[in-house]
Protein chains: 2
Amino acid sequence: MNQPRRQRGPHRFAYDGLDRVIHEHARLSVLTSLVTHPKGLAFADLKNLCALTDGNLSRHLQVLEQAKLVSISKGFEGNRPQTLCRITPAGRKRYIEYLTVLEQVVLDAASAIKSDPGDERLGDPADA
Amino acid sequence: MNQPRRQRGPHRFAYDGLDRVIHEHARLSVLTSLVTHPKGLAFADLKNLCALTDGNLSRHLQVLEQAKLVSISKGFEGNRPQTLCRITPAGRKRYIEYLTVLEQVVLDAASAIKSDPGDERLGDPADA
DNA sequence: CCGTGGTACTTTGCAATGGAAAGTACACTT
DNA sequence: AAGTGTACTTTCCATTGCAAAGTACCACGG
């Protein structure tokens, strides 16, 4: 349908599919964690996985929840409060769209780097 | 022995190689443009390729120059001023390091998405 | 029972900065 | 010479990432 086949065109490197809400170090970490854990993660787990401070994670979760990318349910583990975070279907969808653009960036760059290796190489799947 | 490239520590999704200077929509666009054009690009070309406003591009180029990721040389095309931007060797190196982390993000996410496709699929090179 | 400490978050406040608009400089046209 | 256009640069402001402080609740020792 709306396939952004922006291989050519005047704005080839604009990458405007890089959603600002997702394209943020901390939130990208959080979302990637959640995508790989579809059953959800507790606040503390997320905090450790993403190496974030409490306040930091809390804030980003607020943003992600407001954007309807994650759902947050508060419950209890024993008698301690426990916040469980899950990625929503919509969040998953937007994350995948974002990832597609990221892949395009990697591909654009990788091809250029391969054709002029300079002093470093990038492991490229198409290389095998 | 799992993939040695994947970080498996407590902070598996921290992605702290995502350099803040590079991991920014506009600057990522600029650097990707420059990586694919090793001979450099003029201000106006960059502006169009990345779909940025003048002021915006100017600001980001300052940041990139200060970080020694790009070099900026002012000259003339005919008698019009022309700013030529090139990625520096150091910039190239750091960009590649950044890209490697980006690839890791894509891989982390893609494997999770593939194993539970949900409602969307991601075109994966290893899939073909 | 009361205080001390620990866990699990939330709120607040500041400093950084991305981005648009306005500004500067120069060349070409009329 | 004045006006228009190109090529940037500078300024300003709203946003926001981040950390420190705050809140709430439970466990444990005295």
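Bear in mind the structure is a predicted one, so any value in this text is a computation, not a measurement. Order of the sequence lines sets the chain letters (A, B, ...), proteins ahead of strands, with each chain counted from 1.
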Select one nucleotide: of C:dG18, D:dT9, D:dA19, the one nearest the side-chain heavy atoms of A:Arg20. C:dG18

Mind checking whether B:Ile87 and B:Pro38 have side chains closer than 4.5 Å, heavy atoms only? no

Under 3.5 Å side-chain donor-acceptor pair for A:Tyr95 and A:Thr32: yes

Looking at every strand, decide which applies to B:His25 at a 4.0 Å heavy-atom threshold: base, sugar-phosphate, or nothing. nothing

Candidates C:dG18, D:dC18, D:dC8 - which lies nearest the side chain of B:His60: C:dG18

In whole angstroms, the gap separating P of C:dG18 from CG of B:Asp54 amounts to 18 Å

Counting side-chain heavy atoms from CB outward, which of C:dC9, C:dG13, D:dT9 is closest to A:Arg59? C:dG13

Side-chain contact test, heavy atoms from C-beta onward, threshold under 4.5 Å: evaluate it for A:Pro10 versus B:Leu49 and give yes or no. no

Does the side chain of B:His23 come under 3.5 Å of the side chain of B:Tyr98 through a donor N or O and an acceptor N or O? yes

Without decimals, in angstroms, what is the distance between B:Leu64 CG and D:dT9 P? 13 Å

Terminal axes of the helix from C:dC1-D:dG30 to C:dT30-D:dA1 (five pairs each): angle between them, nearest 10 degrees: 20°

Roughly how far, to the nearest 0.5 Å, is the CZ atom of A:Arg86 from the CG atom of A:Leu41? 10.5 Å

Protein-nucleotide distance (B:Phe76, atom CZ; D:dA7, atom P), rounded to Å: 12 Å

Rounded to the nearest angstrom, tell me the gap between atom CG in A:Asn48 and atom P in C:dT7. 12 Å

Atom pairs, N/O to N/O, protein against nucleotides 2-6 of chain D, distance under 3.5 Å?
from	atom 1	to	atom 2	distance (Å)
D:dT6	O3'	B:Arg80	NH1	3.3

Spacing of A:Leu84 atom CG relative to C:dC9 atom C1', expressed in whole Å: 14 Å

Quick one: which of D:dT10, D:dA7, D:dA19 gets closest to the side chain of B:Ala44? D:dA7

Mind checking A:Ser58 for me? I need base, sugar-phosphate or nothing, with any heavy atom below 4.0 Å counting as a touch. base

Would you say B:Gln62 places a side-chain N or O within less than 4.0 Å of OP1 or OP2 belonging to D:dT10? yes

Less than 4.0 angstrom between a side-chain N/O of B:Thr53 and OP1 or OP2 of C:dA20, yes or no? yes

Treating Ile, Leu, Val, Met, Phe, Trp and Tyr as nodes and any side-chain heavy-atom pair under 4.5 angstrom as an edge, say whether A:Ile72 and A:Leu84 lie in one connected cluster. no

Salt bridge (charged side-chain N to carboxylate O under 4.0 Å, His left out) contacts in which one or both residues fall within residues 25-44 of chain B, not counting sequence neighbours: none

Send over the distance from B:Gln66 CD to C:dT17 C1', rounded to a whole Å. 13 Å

From B:Leu31 atom CG to B:Arg94 atom CZ, the distance as rounded to the nearest 0.5 Å: 9.5 Å

ILVMFWY network linking A:Leu18 to B:Leu64, side-chain heavy atoms under 4.5 angstrom: yes

Reckon B:Asn79 touches a base, only the sugar-phosphate, or nothing at all at heavy-atom distances under 4.0 Å? sugar-phosphate

Look at the side chain of B:Phe43 and decide which nucleotide, out of D:dC8, C:dT11, D:dC18, has an atom nearest to it. D:dC8

Could you state the atom-to-atom distance from CD of A:Glu65 to C1' of C:dC9 in whole Å? 14 Å

Quick test of your reading of the model: are B:Arg20 and B:Glu24 salt-bridged, counting only N-O distances below 4.0 Å? no

Please confirm whether the shortest side-chain N or O distance from A:Asn56 to OP1 or OP2 of D:dG17 is below 4.0 Å. no

Using whole Å, report how far CG of A:Leu61 lies from P of D:dG17. 13 Å

